[in-house]
K.L.:
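Can you keep this structure in mind? I'll have questions shortly.
Here is how names work: the chains are called A, B, and so on, in the same order as the sequence lines, proteins then strands, and each is numbered from 1.
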Amino acid sequence: MKDNEIHAMRHSLAHVLAAAATRLWPEIKLGIGPVIENGFYYDIDSGEAHISEDHFKKIEKEMRKIINEDLPFEHFTMTIDEAVKWAKDSGQTYKLELLNDLKRDGTTSVSDIDPEQLGIASEDAALSEVEFYRCGDFVDLCRGPHVASTGKVGAFKIMRIAGAYWRGKEDNPQLQRIYGVGFETKDELKEHLEMLEEAKKRDHRKLGKEQDLFMFSETVGSGLPLWLEAGATIRRELERFIVDEEIARGYTHVITPDVASISLYEKSGHYPYYKDSMYAPIDIDGDQYMLRPMTCPHHFEIYTQKPRSYRELPMRIAELAKLYRYEQSGELSGLMRVRSFTLADSHIICTPDQAAGEVAGALELIEHIAGVFGLNRGDDYRYRLSLGDRSDDSKYFKDDAAWNDAESKLRTVLSERGDDFFEAEAEAAFYGPKIDVQMKNVLGKEETAFTVQYDFVMPKRFGLRYIDEHNEENEAVVVHRSSIGAIERVMAFLIEHFAGKFPVWLAPEQIRVLTVSADDKQMLEYAREIKEKGQKLGLRVGLDLEAESVGKKIRASVLDKVPYTVVVGEQEVDSGLLKPRIRDDLSVSGREPELKVDNFLQSVANEASSRTLRSSL
RNA sequence: GCCGGUGUAGCUCAGGGGUUAGAGCAACUGUUUUGUAAACAGUGGGUCGCGGGUUCGAAUCCCAUCACCGGCUCCA
């Protein structure tokens, strides 16, 4: 089936949902009901009806009734004035607002709404006519397209209900958004629901608990993760990896404090923009100090400590910086969104001519890192060119020429590298546009994982200048970038990406040695010896000496997702050979080779240091 | 912050205005000394998120609050 046919089915399902809800609760007012990935939603002001999950069965039943009636979707048009009258008469105040906007200002003022929802005859119509669809008694403002009749909408399920502000603005009333999924056949629907169940098993919050990676404590506070030994081990490996990689690429790694005087943020200009998402000031000796929400100003202070020559540029100041942001309570989510996190941050201070090359270099580093994790552009992540909104001075620094210049620079870098990307309005930082690496989590939800940002504001604010080859002073530009993003967030992605089965270099326990017997002294001693030898090679080796069956101990090791499990019994003690059991995802050959202890340990150590994703045994 | 939902043992979950709140796994103890995904038996473990109210009686009903989940808003 073609995409546009599926789209028409889902769009029609949204209308069936609205029609069903209107039959059940005639007094409700409708917002909009667009198609989304795998389904649709409809925003409804249910007034007294207070729709909740308990009503889903009732709604689905009514929708099925409408589908069985096989009502045709009939297209017709009205003049804009007739449409306004219709909205008034039927009490559809939200539709009325849209129509009034259309009538007054044309299409631009309603650009926050999907054009399909507006019933505009065409993109540049004179607005004399507005399109409608009728489906039985139910009439809705809509440009279509729809399927021929309600019998042709395919298989669906109502999934959830949530609040959503009218037209996405916090000051507007909140409507109830009813989400559904829709597919051509019941089998596809079933498959989709099963996929969601599978995805839940990889959820980083579930695996984090199962594998003792991290925890939260109500007493410590919301959004403040506590890293347990296993999780801390993984994160330490990640941090070593990224710091070493950056230093090799000419970054200057520094360490600066987690607090700073409030005057630093007043100087940077961050304070008015971000004070709502900063922790409240700490009063010390009459001065106010802030927990830092970003690293930029600290790094700029380092740059400006003395005059700089063009010979020193680009200066790539980098840090694993612990940051604190007072995110709204409802925005917190596992490790994806926390209030205390560590950003692999850097501020590249360079000449305007060097900026494009530095952006390209940062992207190259990002690509390299993604490659080490086995992440693919297209499947796992994509590039987003995030642009500013020139009309919104409260969120974006006013300097149209600088915005134009910066945006075209970033666009050029992406084009020259041949990278696919998409553009998004009003997603920039207040100081300039950025290239965001948008990573998909296990349920397909996207978050920014890494970012490269062009900054034309801070250099002025902080006086980031350099002496050029003609002995003249010039203003530098800044590229903010994060190579691996926030460690917490990238951990969340990696836990889900690997489904908890970390490659050898990251695995908290790389080898588990278990004994056949718990009493045989020689056997126990041999197992301990293997562990010590492994540790000398920098390996993380666990021991299971419990008085349990071999089968049970193997099972425990498999469930703990340990890459290599070796059994030690009389045979091994006598022969000096091991037959390591390789975790299923790592094994290339499917065989279980027999190796000398030292050879086995050395191979695993080599795998760890080369950060490979597969076993070489 | 807003809308909707959830909160019972370390974990997964059952129960539910009326004696002492259950199961499996985990933990612990004992027996077994085990050869590649679960030996057997027993023991301990819960202020039913926290606080208040209604009631003869609350884990169960009501209110408030905290945390988490799904969205919205936000995301330097």
K.L.:
How would you label the contact of Gly334(A) with the nucleic acid (heavy atoms, under 4.0 Å): base, sugar-phosphate, or nothing?
P.N.:
sugar-phosphate
K.L.:
How would you label the contact of Arg337(A) with the nucleic acid (heavy atoms, under 4.0 Å): base, sugar-phosphate, or nothing?
P.N.:
base
K.L.:
What I want to find out is whether Arg167(A) reaches Glu97(A) closely enough, with some N-O distance under 4.0 Å, to be called a salt bridge.
P.N.:
yes
K.L.:
For Tyr326(A), which residues count as a ring-ring contact (aromatic ring centres under 6.0 Å, His included) partner, sequence neighbours excluded?
P.N.:
Tyr279(A)
K.L.:
Whole angstroms only, please: what is the CD-C1' distance between Glu446(A) and C75(B)?
P.N.:
14 Å
K.L.:
Any Lys/Arg nitrogen of Arg390(A) or Glu407(A) sitting under 4.0 Å from an Asp/Glu carboxylate oxygen of the other?
P.N.:
yes
K.L.:
For the pair made of CZ in Arg177(A) and P in G5(B), what is the distance, rounded to whole Å?
P.N.:
18 Å
K.L.:
Applying a 4.0 Å non-hydrogen cut-off, can you work out what Lys200(A) is touching in the nucleic acid: base, sugar-phosphate, or nothing?
P.N.:
nothing
K.L.:
Short of 4.0 Å, heavy atom to strand atom, which residues of residues 210-220 of chain A count as contacting RNA chain B?
P.N.:
Glu218(A)
K.L.:
Taking 4.0 angstrom as the limit, do Asp171(A) and Lys169(A) come out as a salt bridge?
P.N.:
no
K.L.:
Tell me yes or no: between the side chains of Asp345(A) and Ser482(A), is some donor less than 3.5 Å from an acceptor?
P.N.:
no
K.L.:
With heavy atoms under 4.0 Å as the rule, sort Lys206(A) into base, sugar-phosphate or nothing.
P.N.:
nothing
K.L.:
Find the distance Ile36(A):CD1 to C72(B):C1' and express it as a whole number of Å.
P.N.:
13 Å
K.L.:
Is the shortest side-chain N to carboxylate O distance from Glu246(A) to Arg481(A) below 4.0 Å?
P.N.:
yes
K.L.:
Just the atom pairs and distances: protein N or O near nucleotides 30-37 of chain B's N or O, under 3.5 Å.
P.N.:
from   : atom 1 : to        : atom 2 : distance (Å)
U33(B) : O2     : Ser517(A) : OG     : 3.0
U33(B) : O2     : Ala518(A) : N      : 3.1
U33(B) : N3     : Asp519(A) : OD2    : 2.9
U33(B) : O4     : Asp519(A) : OD1    : 3.4
U33(B) : O4     : Asp519(A) : OD2    : 3.0
U34(B) : O4     : Ala547(A) : O      : 3.1
G35(B) : O6     : Glu570(A) : N      : 2.6
G35(B) : O6     : Gln571(A) : N      : 3.0
G35(B) : N1     : Glu572(A) : OE1    : 2.8
G35(B) : N2     : Glu572(A) : OE1    : 3.0
G35(B) : N2     : Glu572(A) : OE2    : 2.4
U36(B) : O2'    : Arg581(A) : NH1    : 3.1

K.L.:
If only side-chain N and O atoms of Arg205(A) are considered, is one of them under 4.0 Å from the OP1 or OP2 phosphate oxygen of C69(B)?
P.N.:
yes
K.L.:
Given the structure, check if the side chain of Tyr179(A) and the base of G4(B) hold any donor-acceptor pair shorter than 3.5 Å.
P.N.:
no
K.L.:
Taking it one step at a time, do Tyr42(A) and Ile178(A) satisfy side-chain contact (heavy atoms from CB on, under 4.5 Å)?
P.N.:
CA-CA 6 Å; Tyr42(A) 217 110; Ile178(A) 302 175; 5.6 Å; no
K.L.:
Tell me whether the side-chain N/O atoms of Lys445(A) come closer than 4.0 Å to OP1 or OP2 in G70(B).
P.N.:
no
K.L.:
Could you tell me how far C13(B) sits from A21(B) if I compare only their C1' atoms? Round to whole Å.
P.N.:
14 Å
K.L.:
Classify the side-chain pair Lys409(A)/Tyr454(A) by whether it contains a donor and acceptor separated by less than 3.5 Å.
P.N.:
yes
K.L.:
Do the side chains of Arg316(A) and Glu358(A) get close enough for a salt bridge, i.e. N-O under 4.0 angstrom?
P.N.:
yes
K.L.:
Check the phosphate of G1(B) against Ser329(A), side-chain N and O only, distance under 4.0 Å to OP1 or OP2. Yes or no?
P.N.:
yes
K.L.:
For RNA chain B, which ranges pair as stems of 3 or more consecutive Watson-Crick or G-U pairs, with both donor-acceptor distances under 3.5 Å?
P.N.:
B:1-7 with B:66-72, B:10-13 with B:22-25, B:27-31 with B:39-43, B:51-53 with B:61-63
K.L.:
Give me the residues of residues 481-496 of chain A where at least one heavy atom lies under 4.0 Å from an atom of RNA chain B, by number, or none.
P.N.:
none
K.L.:
By side-chain contact (heavy atoms from CB on, under 4.5 Å), which residues pair with Ala556(A), not counting sequence neighbours?
P.N.:
Arg512(A)
K.L.:
Scan Ala162(A) against the nucleic acid and name what it touches under 4.0 Å (heavy atoms): base, sugar-phosphate only, or nothing.
P.N.:
base
K.L.:
Please report, rounded to the nearest Å, how far the C1' atom of C74(B) is from the CG atom of Asp171(A).
P.N.:
13 Å
K.L.:
Taking the six-membered ring for Trp, are Tyr431(A) and His480(A) parallel (under 30°), tilted (30 to 60°) or perpendicular (over 60°)?
P.N.:
parallel
K.L.:
Rounding to an integer number of angstrom, what distance separates A9(B) and G45(B) when you compare their P atoms?
P.N.:
15 Å
K.L.:
Please state how far atom CG in Asp43(A) lies from atom P in C72(B), giving the value in whole angstrom units.
P.N.:
10 Å
K.L.:
Flag the pair Glu210(A) and Lys206(A) as a salt bridge only when some basic side-chain nitrogen lies within less than 4.0 angstrom of an acidic carboxylate oxygen.
P.N.:
yes
K.L.:
Suppose we call a contact any N or O donor and acceptor under 3.5 Å apart; does that hold for the side chain of Gln174(A) and the base of C2(B)?
P.N.:
yes
K.L.:
May I ask you to decide whether Arg384(A) forms a salt bridge with Glu427(A), counting only side-chain N to carboxylate O separations under 4.0 Å?
P.N.:
yes
K.L.:
Salt bridge or not for Lys553(A) and Glu546(A), using N-O below 4.0 Å?
P.N.:
no
K.L.:
Measuring only the P atom in each nucleotide, how far is A39(B) from U33(B)? A whole number of Å is fine.
P.N.:
15 Å
K.L.:
Which is true for Lys275(A) with a 4.0 Å heavy-atom rule: it touches a base, it touches only sugar-phosphate, or it touches nothing?
P.N.:
nothing
K.L.:
Could you give the CG-to-P distance, from Leu175(A) to U73(B), as a whole number of Å?
P.N.:
12 Å
K.L.:
Would you mind checking if Arg337(A) and Glu331(A) are paired as a salt bridge, meaning a charged N to carboxylate O distance below 4.0 Å?
P.N.:
yes
K.L.:
For Arg325(A) and C75(B), what is the distance between atoms CZ and P respectively, to the nearest whole Å?
P.N.:
11 Å
K.L.:
Between G7(B) and C62(B), how far is it from one P atom to the other, in whole Å?
P.N.:
13 Å
K.L.:
Output the rounded distance in Å from CZ (Arg160(A)) to C1' (G5(B)).
P.N.:
12 Å
K.L.:
For Lys553(A) and Ala429(A), find the nucleotide of RNA chain B closest to each by heavy atoms; which residue's nucleotide sits nearer the 5' end?
P.N.:
Lys553(A)
K.L.:
Quick one: do the Thr256(A) and Arg292(A) side chains pair a donor with an acceptor below 3.5 Å?
P.N.:
yes
K.L.:
Using atom P of each nucleotide, how far apart are G5(B) and U65(B) to the nearest Å?
P.N.:
16 Å
